[in-house]
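None of these values were measured; they are calculated from a predicted model. Here is the naming used below: chain letters follow the sequence lines, and residue numbers restart at 1 for every chain. Note that these values count all heavy atoms, side chains included, but never hydrogens, waters or copies made by symmetry.
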Protein chains: 2
Amino acid sequence: MSLDEKATKPHDRLAQALTEDMAAVNALIRDRMASEHAPRIPEITQHLVEAGGKRLRPMLTLAAARLCGYAGPYHVHLAATVEFIHTATLLHDDVVDESQQRRGRPTANLLWDNKSSVLVGDYLFARSFQLMTETDNMRVLSILSNASAVIAEGEVLQLTAAQDLRTDEKIYLKVIRGKTAALFSAATEVGGVIAGAHENAVRALFDYGDALGIAFQMVDDLLDYGSASDVIGKNVGDDFRERKLTLPVIKAVAKADAEERAFWSRVIEKGDQREGDLEHALELMRKHGTLEATRLEALAWANKAKASLHALPAHELRDMLSDLAEYVVARLN
Amino acid sequence: MSLDEKATKPHDRLAQALTEDMAAVNALIRDRMASEHAPRIPEITQHLVEAGGKRLRPMLTLAAARLCGYAGPYHVHLAATVEFIHTATLLHDDVVDESQQRRGRPTANLLWDNKSSVLVGDYLFARSFQLMTETDNMRVLSILSNASAVIAEGEVLQLTAAQDLRTDEKIYLKVIRGKTAALFSAATEVGGVIAGAHENAVRALFDYGDALGIAFQMVDDLLDYGSASDVIGKNVGDDFRERKLTLPVIKAVAKADAEERAFWSRVIEKGDQREGDLEHALELMRKHGTLEATRLEALAWANKAKASLHALPAHELRDMLSDLAEYVVARLN
């Protein structure tokens, strides 16, 4: 790796290597989020799309297909499909979480209303299914429809697990597999499938996406407790205020003495949160080393992701995916 | 038609003729609405499903497939798919409309919360796509994913057209094609497609579903102004209170003098509704004969639905579909 390559983030290098493909994906997304009859739809989708997410998921699909030697056109459809599913879930998440900010901008539910967010999310889901049917490949349809069901199931599970101190690490893993890793692993898997890759390679791509998604979400949950200061568009303590049981809290609850348990019960179960409670929660997490323990777990998943890549052919994109897995956790430092 | 046949509603006769198929559909629905990880999901879906909708849409699919001579198993999957899409849209509609009652029972958003309704709706959408992929038939996938997009688009259009007196009959037709007719026509069309019916028959089935859905929704919109007293689970005036521009109102606005226009502007555009306004609205609709004009339009669509059936083979199910189209409007009397 040259000094120059080291200087750029792996995500940016992926974007550079996939410039043409990503341009095609963006053009397809713009084309399909239009609506002849209901101008409210492009208004809202543009608001979200132009806020400029990192487009990480579609890049995973493109990279997976390309490194398996795909030369057809449908990886672009699949990448756009994955981004549509992601955008639809963001719209619905913001309604469910009553969020005010997304990617540093006011959310659609705030700028328009919850109704529009629900219905435009539905529209994007439907559009994603239209897009994937165009690939004429039943296996990718099956993978992506399964992933959609797992995502929704994970979100419902998260809803019922919130505010419940009995939520353990096993339930947490199910929740984040659903809400995040399912789409990551579907994104990489369909890239391999559309390329007609060997079953071993398809499996490796699934494993990579799954482990990367888990590491990514664990780090996201850490960042919610402010482990890095340069992250834009994130409000520290959101999960705490929403009484979500994420890994650092679950680990702290498991190690709590009677007094600490009473604290967690008051702020998470009863939702009685007062001035200084977030700071006290952070103190308890530091005392029991749960932020660091969470970081180490994320690191283990990132390493698992990297190891999965060995089953894939040598390729510059494979190396970038490896660097990406490393970076996902390294961005904490 | 024997006296006995005349005595039963066409819907009940369809249910009787399709008893075995419907039992298979109900079993499949029960099986697929389960969730290993998130018990909230079957709680909510059971609440809806056990409230016992008429299962009209899945019966349309079954009838279409059977009358085209289908002998395979997949019409059952498609019928369940159609019911899942319908149930998902009901869950999201009730959130969007802030409804309190559905099928004479409290809505899920009231019993649980909006969050659960949004996410469980998403789960049912995803499940519906899983179900349809099992048929391994790309054309039905394409029809049903297109229908889902048209449904969502129609709902968004309805949202933006509400409270806007410029909404005309053309926009109204687009809205109800989206919110109702699109799923009716997809339900009948996929029945023909899965049966491998001739293109003329497939087209006839689409036309039947489209016209039936339009007639059905026009009658529904009439019933919202209380044209029949024996309809259970409907609150008279809901559309008026939600400031929806349905056909009887659109026609009344078109014929309004200056004073009447000021009234419509106040209650629909400004949302300033007072005691006696619903009664006054009804008076204006009666004065301009718009309730009767709407009924006549619904009747014309029902007749169009019946006429479409001529292209299909003679079959007792075809006759029941014809009677059904007639009954949809006759239930107003």
Side-chain angles (χ1 to χ4, degrees), chain A residues 32 35-41 44 85 88-89 92-93 95-98 112-134 136-139 141-161 171 174-175 178, chain B residues 32 35-41 44 85 88-89 92-93 95-98 112-134 136-139 141-161 171 174-175 178:
Chain A
R32 298 306 173 88
S35 160
E36 195 191 332
H37 303 319
R40 173 72 53 89
I41 292 173
I44 290 187
I85 294 176
T89 59
H92 286 184
D93 277 3
V95 171
V96 168
D97 291 344
E98 294 157 27
W112 287 271
D113 47 31
N114 279 343
K115 303 174 182 198
S116 300
S117 291
V118 170
L119 296 178
V120 174
D122 288 350
Y123 181 72
L124 291 179
F125 268 128
R127 284 302 224 183
S128 78
F129 281 104
Q130 282 183 304
L131 264 171
M132 64 176 102
T133 58
E134 290 174 31
D136 211 12
N137 183 314
M138 287 304 301
R139 188 164 166 202
L141 285 171
S142 170
I143 292 166
L144 286 165
S145 61
N146 289 345
S148 299
V150 173
I151 291 167
E153 206 173 6
E155 301 268 9
V156 179
L157 184 60
Q158 172 172 268
L159 198 64
T160 49
I171 296 175
K174 262 186 211 161
V175 168
Chain B
R32 299 305 172 86
S35 160
E36 196 191 330
H37 303 319
R40 172 74 52 90
I41 292 173
I44 290 186
I85 294 176
T89 60
H92 285 185
D93 277 2
V95 170
V96 169
D97 291 344
E98 292 156 27
W112 288 271
D113 48 31
N114 278 343
K115 303 173 182 198
S116 300
S117 291
V118 170
L119 297 177
V120 173
D122 288 350
Y123 181 71
L124 291 180
F125 268 129
R127 283 302 224 183
S128 78
F129 282 104
Q130 283 184 304
L131 264 171
M132 64 177 102
T133 58
E134 289 174 32
D136 211 10
N137 183 313
M138 286 305 301
R139 188 164 167 202
L141 285 170
S142 171
I143 292 167
L144 286 165
S145 60
N146 289 346
S148 299
V150 173
I151 292 167
E153 206 173 5
E155 300 269 9
V156 178
L157 184 60
Q158 171 171 268
L159 198 64
T160 49
I171 296 176
K174 264 186 208 160
V175 168

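Shown here are the side-chain hydrogen bond (donor to acceptor under 3.5 Å, both in side chains) partners of A:Glu153, two or more places apart in sequence or in another chain: B:Ser35. Among residues two or more places apart in sequence or in another chain, the ring pair (Phe, Tyr, Trp, His ring centres under 6.0 Å) test is passed with B:Tyr123 by none.
For chain B, the nearby part of A:Leu159 is the side chain; its heavy atoms alone come within less than 4.5 Å.
What you find for A:Ser128 and A:Ile85 is that their closest heavy atoms are OG-CG1, 3.5 Å.
In terms of heavy-atom pairs under 4.5 angstrom with chain B, the leader among A:Val150, A:Asn146, A:Thr160 is A:Asn146. Most heavy-atom pairs under 4.5 Å with chain A: of the set B:Glu134, B:Met132, B:Arg127, B:Met138, this distinction falls to B:Met138. Ranked by heavy-atom pairs under 4.5 Å with chain A, the first of B:Val156, B:Leu157, B:Thr133, B:Leu131 is B:Val156.
By the 30° and 60° cut-offs, the orientation of the rings of A:His92 relative to B:His92 is perpendicular.
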